[in-house]
Protein chains: 2
Amino acid sequence: MGFPETFKALSDPVRREILTMLKEGRKSAGEIGQKFDMTGATISYHLNILKKAELVFEEKEKNFIYYNLNLTVFEEIMMWITQFTGKKEDNSEE
Amino acid sequence: MGFPETFKALSDPVRREILTMLKEGRKSAGEIGQKFDMTGATISYHLNILKKAELVFEEKEKNFIYYNLNLTVFEEIMMWITQFTGKKEDNSEE
DNA sequence: TTGCTATTTAGAAAATTTTCTAAATACATA
DNA sequence: TATGTATTTAGAAAATTTTCTAAATAGCAA
């Protein structure tokens, strides 16, 4: 995957808002788009960046494409930041 | 401060590399610049972005300006990510 | 003061990112 | 098959970011 893509993906407010929406559970591209004053094409562009950064994955179902959070990469970002804050690196609880 | 600036600041590889360098301790703008194949003006631009994001602070001493990590904001990013990974939010050890 | 070193500021050029419109694809169902 | 809905792709325009050169500022030291 690569940190460059991940951090780039997180650097845009629209994309962070999309991630926040997905905390509630999967949403279709259309549902996500309704939250923003942008064309579907632009939302699609942002979703693609999140997908390439592996921050989300998609599930195709009927006519829809649903987007989900992929938590693995969030863990990796945590690790990266941990090198600065010096908290323990293995969160072995839970 | 604001997450937008912080994430923007972290989105550039040069700036992340600068932060990594500063783990060792404070460095002057000149010392930082030696690591990169860029003009001092460009380094200064990146340092300013890190400073505005409050990821670093500066100490002026004699003819030099030394840059240091400011760990506070890293903690805030950790918090932001924690909302996704669901780890405990108060790291009350140490 | 004058000159030297360290760094920033200003403004322009180059590169990248974000957004849009229009067209394309894909699937579902009448 | 034909039509409609959901979403993406292509290509261009607009906006932002990164970089450079040249000039400015600031402190030190002769």
Side-chain angles (χ1 to χ4, degrees), chain A residues 1-22 24-70 73, chain B residues 1-22 24-70 73:
Chain A
M1 67 122 206
F3 281 116
E5 287 117 301
T6 306
F7 281 106
K8 273 285 181 211
L10 289 175
S11 73
D12 184 87
V14 170
R15 292 191 292 264
R16 288 197 303 278
E17 178 70 22
I18 291 172
L19 293 174
T20 301
M21 288 177 73
L22 294 181
E24 294 172 13
R26 74 177 197 175
K27 295 217 183 320
S28 69
E31 288 175 304
I32 293 166
Q34 287 172 349
K35 261 276 191 179
F36 299 93
D37 186 22
M38 295 172 161
T39 65
T42 298
I43 296 301
S44 184
Y45 159 81
H46 285 298
L47 288 171
N48 189 245
I49 286 175
L50 289 170
K51 198 168 57 183
K52 284 194 293 197
E54 293 178 69
L55 287 161
V56 304
F57 63 93
E58 58 181 39
E59 291 172 311
K60 300 190 190 197
E61 204 166 295
K62 299 182 92 185
N63 221 0
F64 300 85
I65 303 178
Y66 291 98
Y67 285 87
N68 285 278
L69 289 182
N70 176 10
V73 176
Chain B
M1 65 121 207
F3 281 116
E5 287 118 302
T6 306
F7 280 107
K8 273 284 181 212
L10 289 175
S11 72
D12 183 86
V14 170
R15 292 191 292 265
R16 287 198 302 279
E17 177 70 22
I18 291 172
L19 293 174
T20 300
M21 286 177 72
L22 294 181
E24 294 172 12
R26 74 178 197 174
K27 294 219 184 316
S28 69
E31 288 175 305
I32 293 166
Q34 287 173 347
K35 261 277 192 179
F36 300 92
D37 186 21
M38 296 172 161
T39 64
T42 298
I43 295 301
S44 185
Y45 159 81
H46 285 298
L47 288 171
N48 189 244
I49 286 176
L50 289 170
K51 198 167 58 182
K52 283 193 294 198
E54 294 178 70
L55 287 160
V56 304
F57 63 92
E58 56 181 39
E59 292 173 310
K60 301 190 190 197
E61 205 166 295
K62 300 182 94 184
N63 222 1
F64 300 84
I65 303 179
Y66 290 98
Y67 286 88
N68 285 278
L69 288 181
N70 175 10
V73 177

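Residue numbers start from 1 in every chain, and the chains themselves are labelled A, B, ... in the order their sequence lines are given, proteins ahead of strands.
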Next item on the list: Quick one: label Y67(A) by what it contacts on the DNA or RNA (base, sugar-phosphate, nothing), any heavy atom closer than 4.0 Å.
Entry: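 Sugar-phosphate contact only - Y67(A) comes under 4.0 Å of backbone atoms but never of a base.
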
Inset, instruction - Please work out if G40(A) contacts a base, only the sugar-phosphate, or nothing of the nucleic acid, heavy-atom cut-off 4.0 Å. - result: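 It contacts base atoms.
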
I need the [atom1]-[atom2] distance between [X] and [N], as an integer number of Å.
X      : N       : atom1 : atom2 : answer
E59(A) : dT7(D)  : CD    : C1'   : 16 Å
I43(B) : dT7(C)  : CD1   : P     : 11 Å
F64(B) : dA6(C)  : CZ    : P     : 5 Å
E5(A)  : dT16(C) : CD    : C1'   : 15 Å
K52(A) : dT9(D)  : NZ    : C1'   : 12 Å
I65(A) : dT7(D)  : CD1   : P     : 7 Å
K51(A) : dT7(D)  : NZ    : P     : 12 Å
M38(A) : dT19(C) : CE    : P     : 4 Å

Over all atoms of both residues, closest heavy-atom pair of G33(A) and I43(A):
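So the two residues come closest at CA-CG1, 3.8 Å.
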
Given L50(B), I18(B), T20(B), L22(B), the one that forms side-chain contact (heavy atoms from CB on, under 4.5 Å) with L69(B)
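Per the side-chain contact (heavy atoms from CB on, under 4.5 Å) rule, the option paired with L69(B) is L22(B), out of L50(B), I18(B), T20(B), L22(B).
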
Taking only N and O in the side chain of [X], is any of them less than 4.0 Å away from OP1 or OP2 of [N]?
X      : N       : result
H46(B) : dT19(D) : yes
S44(B) : dT8(C)  : yes
T39(A) : dC20(C) : yes
S28(B) : dA6(C)  : no
T42(A) : dT18(C) : no

Per-nt protein contacts along nucleotides 22-30 of chain C (heavy atom under 4.0 Å; B base, S backbone sugar-phosphate only, - none) come out as B---BBS--

Residue list, side-chain contact (heavy atoms from CB on, under 4.5 Å) with D12(B), at least two apart or on another chain:
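Listed in chain order: V14(B), R15(B), H46(B).
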
Report task. With sequence neighbours excluded, give me every salt bridge (Lys or Arg N to Asp or Glu O under 4.0 Å) pair touching residues 30-39 of chain A. Result ->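 Those involving residues 30-39 of chain A do not exist here.
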
Can you pull out the residues from residues 8-19 of chain B that lie within a 4.0 Å heavy-atom distance of DNA chain C?
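Output list: empty, so none.
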
- Message: Just so I know, are the side chains of Y67(B) and E59(B) near enough to count as touching, which here means a heavy-atom distance under 4.5 Å?
- Response: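 No, too far: nothing below the 4.5 Å cut-off.
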
| message | For L55(B) and L10(B): C-alpha separation, side-chain torsions, deciding distance, then whether side-chain contact (heavy atoms from CB on, under 4.5 Å) applies. | response | CA-CA 9 Å; L55(B) 287 160; L10(B) 289 175; 4.0 Å; yes

(message) Under the criterion side-chain contact (heavy atoms from CB on, under 4.5 Å), I'd like the reasoning laid out for V56(B) against N68(B): C-alpha separation, chi angles, the key distance, then a yes or no.
(response) CA-CA 5 Å; V56(B) 304; N68(B) 285 278; 5.9 Å; no

Among dT8(C), dC20(D), dT8(D), the one nearest E58(A) by side-chain distance |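 Between dT8(C), dC20(D), dT8(D), the one nearest the side chain of E58(A) would be dT8(D).
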
### Message
Here's a test of your reading of the structure: between I49(A) and N48(B), which maps to the more 5' nucleotide of DNA chain C?
### Response
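Whichever sits nearer the 5' end wins; that is N48(B).
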
**Asked** Should E61(A) and R26(A) count as an ion pair when the cut-off is N to O under 4.0 Å?
**Response**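 Here E61(A) pairs with R26(A) in a salt bridge, since their nearest N and O are under 4.0 Å apart.
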
My understanding is that only residues two or more places apart in sequence, or in another chain, count here; which of them pass salt bridge (charged side-chain N to carboxylate O under 4.0 Å, His left out) with K62(B)?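 Partners of K62(B) under the salt bridge (charged side-chain N to carboxylate O under 4.0 Å, His left out) test: none.
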
*asked:* Tell me every residue that passes ring-ring contact (aromatic ring centres under 6.0 Å, His included) with F7(A), counting only those two or more places apart in sequence or in another chain.
replied: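 Partners of F7(A) under the ring-ring contact (aromatic ring centres under 6.0 Å, His included) test: F3(A), W80(A).
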
